[in-house]
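Heads up: the structure comes next, in structure tokens.
Reminder, nothing fancy here: chain letters follow the sequence lines and each chain counts from 1. None of these values were measured; they are calculated from a predicted model. All heavy atoms count here, side chains included; hydrogens, waters and symmetry mates do not.
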Amino acid sequence: GQQVMQIPQYQHVQEGEDFTTYCNSSTTLSNIQWYKQRPGGHPVFLIQLVKSGEVKKQKRLTFQFGEAKKNSSLHITATQTTDVGTYFCAGGSNDYKLSFGAGTTVTVRA
Amino acid sequence: EAGVVQSPRYKIIEKKQPVAFWCNPISGHNTLYWYLQNLGQGPELLIRYENEEAVDDSQLPKDRFSAERLKGVDSTLKIQPAELGDSAVYLCASGEGLHTDTQYFGPGTRLTVL
């Protein structure tokens, strides 16, 4: 079945620095979604990418979908303490299934 | 707009006891999902409903887990009997029913089995 892997599992970032987290699927995806889960909270939808090579930006967050639709990345610039949490990618397939990765947990050093 | 509502938020039971979780999705959302989330992991799908029909329950351990969505709105997830390994957060999510469905998660029920 479809598997989605995320790296790194943990990301410790100095406030103000940039970082990237990566998501890789074993199969071609119909779409990829990114969610953020704050400590003690529940996953909250951030964005969805559908097209090959698609790039979307939300303020300091840049999301990219690979040309082969098997990988994705999330790049955060000028990290802030509000960026703390776990970022999940979720790969969608044409049978409506959404497979979540294990997430990248981000901590920020002030 | 009200979000997905789940209750209870926390539940502590002894092993072999039954437990039930309730979910009220966002109004108008046809699709409802139950997920299990273990610490440090992403959500894992247990069951997906389209209206009142369970269209994907392949990951639901049917020997002890059951779910229903009788009127195509609220849903309940039951475990009977609970085992120690069932301790986790049980998340309910709803969506509009598109194949590129964005999922809106509830706050979850944190289950502890002693």
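Classified by interplanar angle (parallel below 30°, tilted 30° to 60°, perpendicular above 60°), the ring pair B:Y35/A:F100 is perpendicular.
Annotation: B:K62, atom NZ; neighbour count of heavy atoms from other residues, nucleotides and ligands within 6.0 Å is above 12. When the shell of 6.0 Å around CD of B:E14 is examined, it contains 12 or fewer heavy atoms from other residues, nucleotides or ligands. Other residues, nucleotides and ligands contribute at most 12 non-hydrogen atoms within 6.0 Å of the CG atom of B:L39. Applying the 6.0 Å contact sphere to NZ of A:K56 captures more than 12 heavy atoms from other residues, nucleotides or ligands. B:Q59 CD: 12 or fewer foreign heavy atoms inside a 6.0 Å radius.
Heavy atoms closer than 4.5 Å to chain A are found in the side chain of B:L91, but not in its backbone.
In summary, the side chains of A:Q33 and B:Q103 do not present any donor paired with an acceptor at a separation below 3.5 Å, with no hydrogens or angles considered.
Side chains of B:P43 and A:Q37 form no contact here, defined as non-hydrogen atoms less than 4.5 Å apart.
Listed here is the closest heavy atom pair of A:H42 and B:P107: ND1-CA, 3.7 Å.
Ranking B:G42, B:A93, B:G108 against chain A, the residue ahead of the rest is B:G42, based on heavy-atom pairs under 4.5 Å.
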